[in-house]
Amino acid sequence: MRNKIVVFIIVLIICFSVVLHASTKIEFIDPKGDDKGPGVYTYPTNPIYVAGSFDLTSATIEDKGDEILFTVKFGAPVSFNWGDFWDVHQIQIYLDMGEGGHTETIPGTQLMVAPENAWEKVIFIDPHTVPKINGEIDLKAANLKEDIVLPSKIKPIGKSLKSTVKKADLGIEGEVDISTWGYGILMLSATGFPGNWCVLMRRVNEYEGDHRFGGGADGAGDPNVVDLFVDDADGSEDEKQIQYDMLSDYESGMDPEDTSEDKLATIKLVYPKK
Ligand SMILES: [Ca+2]
Ligand SMILES: [Ca+2]
Ligand SMILES: [Ca+2]
């Protein structure tokens, strides 16, 4: 009888810890209508860039045991006209998982991360094939290659992209508390014909074009990021201005191949626990 009670208690503890473990879920919210980078970016004019496509609305990060599920939502449904897997979105999720890390971002993003938020891994969510993505990383971001992580599975559905990432691919062994990490979730646009130094992201120019965002610079100093989560990521209206201020603090020359006059903007990541 006593043994049965002990077994019962052990089973209870296991069930309870599984429930606790599976319940680690983080939610971020972003205000609507701030899909204009530093406040002045405009969409490309081609109708494939549907209004709201790049407007982040929310994100959840769920600990699923051996995997982490990242769900990023935005203001218009994903479309499937020309991309290998979907059309226009590229999402990068920078993770500050501990001391130290990188402050530069994937080439072509044209941002820095604040040193106190330096990142260990970035999840790269892009509609091109894995060989194409890896080829671009080898060519343009070899120094970051081991810290750029591709999801094991991506599901484009409705107004969202759901990406499954193996913990092993993040270098994690054993227990981890994902609510202690910092998150930099950026919305860009993907292109199969990027600039020489850009890893598959679409560039922002001074004036918008068929497939170019407008409101930035023709040089390389302006961030090619249309929206991101900032501050507490609770979706309050003041987060729009915080984003605009962060992303507008750049200087750019006129020549995209000459970066000597450029000063990149610096972003801060979002932390669930403060
Ligand atoms: Ca938004
Ligand atoms: Ca770090
Ligand atoms: Ca935002």
Side-chain angles (χ1 to χ4, degrees), residues 26-43 49-61 70-78 88-106 109 111-123 144 146-149 158-161 170-172 176-189 204 213 215-216 223-249 265-274:
I26 296 160
E27 179 162 26
F28 294 132
I29 303 174
D30 195 65
K32 286 183 183 154
D34 61 342
D35 48 344
K36 27 189 162 176
V40 292
Y41 285 0
T42 49
Y43 279 26
Y49 307 93
V50 175
S53 292
F54 304 105
D55 190 4
L56 292 165
T57 55
S58 70
T60 57
I61 301 116
F70 297 83
T71 302
V72 178
K73 296 191 176 178
F74 31 81
V78 246
V88 295
H89 304 91
Q90 180 187 99
I91 294 170
Q92 303 175 7
I93 304 179
Y94 292 86
L95 303 176
D96 174 15
M97 304 160 78
E99 292 293 309
H102 306 282
T103 54
E104 65 189 298
T105 57
I106 297 173
T109 308
L111 282 177
M112 299 295 289
V113 172
E116 64 272 25
N117 299 168
W119 57 276
E120 278 64 41
K121 299 285 177 188
V122 56
I123 318 288
L144 297 175
E146 65 182 37
D147 294 325
I148 301 176
V149 176
K159 300 177 181 177
S160 74
L161 287 167
L170 294 171
I172 296 167
V176 63
D177 182 359
I178 61 169
S179 66
T180 62
W181 295 352
Y183 297 86
I185 306 176
L186 315 183
M187 175 64 85
L188 302 89
S189 179
V204 179
F213 290 87
N224 291 317
V225 171
V226 188
D227 198 358
L228 78 158
F229 293 83
V230 299
D231 201 45
D232 297 329
D234 59 9
S236 58
E237 282 296 302
D238 62 318
E239 291 175 356
K240 293 183 177 180
Q241 195 59 48
I242 293 171
Q243 170 185 311
Y244 300 158
D245 290 345
M246 247 184 223
L247 294 187
S248 57
D249 188 19
T266 298
I267 58 161
K268 291 185 171 149
L269 306 192
V270 176
Y271 292 80
K273 277 183 183 169
K274 284 207 158 179

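Counting starts at 1 for both ligands and their atoms, in listed order. What you see is a predicted model, and the numbers here were worked out from it, not measured in a lab.
Within D55, OD1 is the N, O or S atom that lies nearest to the Ca ion (ligand 1). If you look at D96 and ask which of its N, O or S atoms sits nearest the Ca ion (ligand 2), the answer is OD1. Counting just the N/O/S atoms of D227, the one with the shortest distance to the Ca ion (ligand 1) is named OD2. The atom name of the N/O/S atom in D30 closest to the Ca ion (ligand 1) is OD2.
The Ca ion (ligand 2) does not have G101 among its coordinating residues (no N/O/S atom, backbone or side chain, under 3.0 Å). Under 3.0 Å from the Ca ion (ligand 1) lies no N/O/S atom of G33, from backbone or side chain alike. Among the backbone and side-chain atoms of W119, none of the N, O or S atoms lies under 3.0 Å from the Ca ion (ligand 2). At least one N, O or S atom of D34 sits under 3.0 Å from the Ca ion (ligand 1). Here G182 fails the criterion, with no N, O or S atom under 3.0 Å of the Ca ion (ligand 2). The Ca ion (ligand 1) has no N, O or S atom of F74 under 3.0 Å away, backbone or side chain. For the Ca ion (ligand 3), the set of nearby N, O or S atoms under 3.0 Å includes none belonging to F229.
Side-chain contact check for Q92 versus T109: some heavy-atom pair is nearer than 4.5 Å. The shortest side-chain heavy-atom distance between L56 and K73 does not fall under the 4.5 Å cut-off. Two residues are said to be in side-chain contact when any heavy atoms from C-beta on lie closer than 4.5 Å; L186 and I267 meet this criterion.
Checked by atom type, the side-chain pair Y94/N117 shows no donor-acceptor distance below 3.5 Å.
No close placement of the F229 and Y183 rings is indicated, their centers lying 6.0 Å or farther apart.
Around the Ca ion (ligand 2), the two atoms O of G98 and OE1 of E120 are separated by an angle of 100°, to 10 degrees.
Here CD1 of I148 is found 11.0 Å from CD1 of I123. Values are rounded to the nearest 0.5 Å.
Panel note: side chain N224, backbone V204; a donor-acceptor pair is recorded below 3.5 Å.
The environment of NZ in K268 is sparse: at most 12 heavy-atom neighbours from other residues, nucleotides or ligands sit within 6.0 Å.
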